[in-house]
Each structure stands twice: as C-alpha cells, then as structure tokens.
Amino acid sequence: MSLRVRTTALVAVVAAVLLLGGALALESVLRHRLTESADDLARSRVADLLTLAGTGDLPTTLVNVTDDSVVQVVDDTGRVVAASANATGAAPLTDEPATGGLHVAQVTGPDDRETEQYRLWSATGPAAGGGRVRAYVGTSLESVREATASLRAGLRVGVPVVWLLLVLAAWLLLGRALRRLDRIRAEVDTITEAYPSRRVGTSGRDDEVGRLATTMNRMLDRLEGASERQRRFVADVSHDLGSPLTAQRTQLEVAMAHPADVDEAELRRDLLAHVTEMEALVGDLLFVVTEDERPRVHEPLDLEDLVLEEAARVRRLGDLSVDTSGVSAAPVRGDATELRRLVRNLLENAAAHAGSTVTLRAAVEDGSVVLDVVDDGPGVPPGQEEAVFERFHRGDAARSRRGSGLGLAIARTVAHRHGGTLVVVAGPVGAHFRLVLPAENALP
C-alpha cells in the first residue's frame, strides 16, 4: 500500500472521528443553550407572576405567552386563579401544594387540543387577599427537540460532504507533494559515477519538499567532493608507492646489467632508504584508514619527554641544529604512540624545510599545553595555511618533496582526537606550527 493511500486513509479516519465528535458536541451544546435560555425566561416569568399576585394585579387570563409555553397560578386551595389561553379551564398542571421554593420538574400539560411535555418551573409567594399562591411556567420540550432535530438533519448531510471534501483535498495535496518527491527520486536515480555533477532541480519553494531538494543537493556536493578526494587519494598513493618501486627496479636492473660497476654497500643503502620510505608511507596510510577504528587511550604523560626524544633523533639524522632550550614540562593526557607520531611529523616537516635551524618551545599556558615548532625555511605560502593540512598536499617548488604528504594531516587528526588544535602561525621568517592540547594538572 502506497504512502499516499495510507496517509489519506489516516486523514479519513481522523476527519471522521473529529467531525462526528464535533457534530455530537454541537448538538449537545445547542440543546443545553436552548434549555438554559428557556429556563432563564421561565424563572423570570415566575418571579413576575408572584409579584403581580402579591399586588393584586394578576389578570385571570395571562397574555404575552408564547405558543411553546404554558402558565398557571394556583392558590393554596388548588384553584387555578390565572392561566394562559392554552391552559384556561384546565386542571392544575400538578397537584403540588402552594408551598416550597423554586422548583423544576418535567410534566405533561395542555396545549390547545393536545398535550405536550413541559419543563415546568414553579415557586410560591403571598397573595394580595391573603393566603399563598404557586406560579407555574412551563416551556415545551418540543421546541428544543425540533431545533436539535433540524440541526441533526443538516449535520447528516453536511458532515459526510465535509468529510468527502477533506479526504479529496488530502488525496490531491498528497499526490501533488509526492509527485515532487517522485521527481526528486527519479533525478537522484540518474546521478551515477558517469554524471556526478548532476543535481536535483528545485522549485524555489521554501517548503519541506523544497528544503529536501536543497539538502539532497548539498549531500550530492559532499559525495562528489568525497569521490574526487578518493580518486586523488588513490592517484597520489599509486604515484608515491610507484616512485620508490621504480627507483629500486632501475637500480637493480643497472646492477644486473653491469655487476662489475656496482658498489654493493651503496646499493644496499639506497634500497634500504627506498624501503624505509615505502614503509613510512604505508604506515601513514594505515593510520589514515584506521583512524576511526583505533581505541582511544588517554593516560597521563609529559609531552616534554616526547619532544626531547624526537629532537635527539632528528639531530642524529643530519647536521641540522635543533634548539630545545624553550622546552619545559608539558603534562597532558593522551595516547603516547599517537602523540609521538604527531611530534615526529611536525619535526620531520620542519627538518625537511628548514635552512639550518629548528626551534622548539613547549610550556603550559593558561591551562593548556602549547608546543611551537618553528623552522627557518621558506615558510608556508600565503593562503596555504589550511591547505598544508590536507592529505598529500605539498607546497610549491621552494618546499621540499620529502615525505608522503600525509604527515601534517595525521598530526592535525591526532590533535583533534586529543581535544586540541594545530594551526599555522604567521611569522616573518620560516614556518611556525602551534599545537595546543588540554593540560593534565597532575602527573603520577
């Protein structure tokens, strides 16, 4: 069963319940209002009759009485001393004595040549000549029944008509809305890898369906961007893995063709360097691919120890000067392996681009651990402050092509995983990277 049918059926049921409930409530309210209005008039008429009886001005035949009413005034002997035209000569409406206060009852009384059901109000008061009289004012229930019957007859026609109109309107409106959804579905279904730039047409309406189309287009933009990044990722990985493999193959082919001219020690060193480069790339790739699957390990440690150890390693790799005089205690909580990789990537990036010196500073500032890595190289080109953290990003010709192009991306990912930030800080010379992590107040 389609959504349109199910929703229309639900609208039909709800509309039927509401309309029937409303009709019953309307009939009940009308009956109550008519009865209440007649009661107010009857009580007022009773008071007027008692006043006339007390002053001696009560006429024998009472006028100004509607066809739906009956009026009698009975003395304490049971004699009718005054009555409306339709009750003249008739026996008292009730045998109730001329005592007691205001009272209401339902009785059968005369109505010309017929009898009628009346809602009878009565009260007792003094008569002018002495004694007491009881005034009776009855309102026919037939008028209430006729009014409610007329309303009921109208509702019997009106409620089904309104119900049908509501169901038809729901069916048409749902069909119109669902046709727009079907159009969006059909357009999305045509978007494939061959046509990734296609988008859903929007009607320009600011309603739920229009906003859905806009949201779908934003999602498709993200998917196209992700697909493009994936293609670039595969291409970059293939290139970066292919380069050392090609170099190794070339060296081995030359060695096999001219074995007498080969320096075996140098060949082993070159092959080991290429293998190390590939190993580092594969390690970075594994980190990127599995970053969401690794468990979070947060334990107290001192970032100072990691910085000093990695600085010593960089010094051993070449003649680069690494200044660690500004490194002091930097207690944090995190994964030692990941934070070591972060520090190593920052130092290797600085070493790759530095002219002669890398300066490190680490300290606690305002409740955060701040690590600054500064090199005296060509620096980050203007406008590239965020691009350098993208995967496989490399700078212009002034920047070295060492590394996999994943180091800074991994460093920022680790910083974010530890609730910190990693940004480029503008400076007059060289590149300046600043890492900020939440500080651990107490080390074990």
Novice: Within the distance-only criterion (no hydrogens, no angle test), does the side chain of S44 pair as donor or acceptor with the backbone N or O of D40 below 3.5 angstrom?
Specialist: no
Novice: Answer yes or no: is there a donor N or O on one side and an acceptor on the other, between the side chain of N349 and the main chain of G407, under 3.5 Å?
Specialist: no
Novice: Within the 3.5 Å criterion, strictly below it, is a donor on R119 or T139 matched to an acceptor on the partner's side chain?
Specialist: no
Novice: Go through V414 and L422 one step at a time and tell me if the side-chain contact (heavy atoms from CB on, under 4.5 Å) criterion holds.
Specialist: CA-CA 9 Å; V414 173; L422 178 61; over 6 Å; no
Novice: Determine all donor-acceptor pairs shorter than 3.5 Å in which one atom belongs to a side chain in residues 354-362; sequence neighbours excluded.
Specialist:
{"residue": "S356", "atom": "OG", "partner": "D376", "partner atom": "OD2", "Å": "3.0"}

Novice: To the nearest 0.5 angstrom, please state how far the OG1 atom of T8 sits from the CG atom of L172.
Specialist: 9.0 Å
Novice: Which atom names give the shortest non-hydrogen contact between Y118 and S69, and what distance separates them?
Specialist: CE2-C, 4.1 Å
Novice: Calculate, to the nearest 0.5 Å, the distance between atoms CZ and CG belonging to R45 and L50 respectively.
Specialist: 12.5 Å
Novice: The test is side-chain contact (heavy atoms from CB on, under 4.5 Å); show your working for R218 and T215 and say whether it passes.
Specialist: CA-CA 5 Å; R218 288 200 296 266; T215 302; 3.5 Å; yes
Novice: Would you please test L3 and L174 for side-chain contact (heavy atoms from CB on, under 4.5 Å) and show each step?
Specialist: CA-CA 9 Å; L3 176 62; L174 284 170; over 6 Å; no
Novice: Would you confirm whether Q251, through its side chain, and R249, through its main-chain N or O, come within 3.5 Å as a donor-acceptor pair?
Specialist: no
Novice: Might you point out which heavy atoms bring D335 and L301 nearest each other, and give the distance in Å?
Specialist: C-CD2, 4.3 Å
Novice: Do you know which two heavy atoms are closest between A311 and V322, and how far apart they sit?
Specialist: CB-CG1, 3.8 Å
Novice: Would you call R176 and R179 a side-chain contact if the rule is heavy atoms closer than 4.5 Å?
Specialist: yes
Novice: Can you list the steps and then say if E338 with R341 is a side-chain contact (heavy atoms from CB on, under 4.5 Å)?
Specialist: CA-CA 5 Å; E338 290 191 2; R341 179 184 286 270; 5.6 Å; no
Novice: Do the side chains of T421 and L435 get nearer than 4.5 Å, heavy atoms only?
Specialist: no
Novice: Looking only at heavy atoms, what is the nearest atom pair of L306 and V343, with distance?
Specialist: O-CG1, 4.3 Å
Novice: Among R344, R340, R315, R316, which residue meets the salt bridge (charged side-chain N to carboxylate O under 4.0 Å, His left out) test with E309?
Specialist: R340
Novice: Indicate yes or no: does R269 engage E266 in a salt bridge with an N to O separation below 4.0 Å.
Specialist: no
Novice: First locate atom CG of L339, then atom CZ of R417, and finally report the distance between them rounded to the nearest 0.5 Å.
Specialist: 10.5 Å
Novice: Are any non-hydrogen side-chain atoms of V188 and M216 less than 4.5 angstrom apart?
Specialist: yes
Novice: Assess whether a salt bridge exists between R412 and E390, defined as any Lys/Arg side-chain N lying under 4.0 Å from an Asp/Glu carboxylate O.
Specialist: no
Novice: How far does CG of L102 sit from OG1 of T124, to the nearest 0.5 angstrom?
Specialist: 9.5 Å
Novice: Donor-acceptor pairs under 3.5 angstrom involving side-chain atoms of residues 20-38: please list them, not counting sequence neighbours.
Specialist:
{"residue": "E27", "atom": "OE1", "partner": "R152", "partner atom": "NE", "Å": "3.4"}
{"residue": "E27", "atom": "OE2", "partner": "R31", "partner atom": "NH2", "Å": "3.0"}
{"residue": "E27", "atom": "OE2", "partner": "R152", "partner atom": "NE", "Å": "3.2"}
{"residue": "E27", "atom": "OE2", "partner": "R152", "partner atom": "NH2", "Å": "2.4"}
{"residue": "T35", "atom": "OG1", "partner": "R31", "partner atom": "O", "Å": "2.8"}

Novice: With the side chain counted from C-beta on, respond yes when V423 and F433 share a heavy-atom pair under 4.5 Å apart, and no when they do not.
Specialist: no
Novice: Can a salt bridge be assigned to the pair E310 and R313 using a cut-off of 4.0 Å between side-chain N and carboxylate O?
Specialist: yes
Novice: Within the side chain of W163, is there an N or O that forms a donor-acceptor pair under 3.5 Å with the backbone of A12?
Specialist: yes
Novice: The test is salt bridge (charged side-chain N to carboxylate O under 4.0 Å, His left out); show your working for E299 and R333 and say whether it passes.
Specialist: CA-CA 5 Å; E299 57 185 5; R333 179 176 291 273; over 6 Å; no
Novice: Taking the side chain as every heavy atom from C-beta outward, state whether L220 and N217 have any atom pair closer than 4.5 Å.
Specialist: yes
Novice: Would a distance-only check, ignoring hydrogens and angles, find a side-chain to backbone donor-acceptor pair under 3.5 Å from S2 to V5?
Specialist: yes
Novice: Atom OG of S328 and atom CD of E304: how far apart are they, to the nearest 0.5 Å?
Specialist: 6.5 Å
Novice: Which atoms form the tightest heavy-atom contact between D372 and R434, and what is the distance?
Specialist: OD1-NE, 2.7 Å
Novice: Between A330 and D302, which heavy-atom pair has the shortest distance, and what is it?
Specialist: N-OD1, 2.8 Å
Novice: Does any part of the side chain of L19, heavy atoms only, come nearer than 4.5 Å to the side chain of L155, both counted from C-beta?
Specialist: no
Novice: Mind checking whether V46 and S122 have side chains closer than 4.5 Å, heavy atoms only?
Specialist: no
Novice: Can you tell me if CD on E264 sees more than 12 non-hydrogen neighbours from other groups inside 6.0 Å?
Specialist: no
Novice: Taking it one step at a time, do D366 and S368 satisfy side-chain hydrogen bond (donor to acceptor under 3.5 Å, both in side chains)?
Specialist: CA-CA 6 Å; D366 298 328; S368 298; over 6 Å; no
Novice: Measure the spacing between CG of L120 and CG of L141 and express it to the nearest 0.5 Å.
Specialist: 10.5 Å
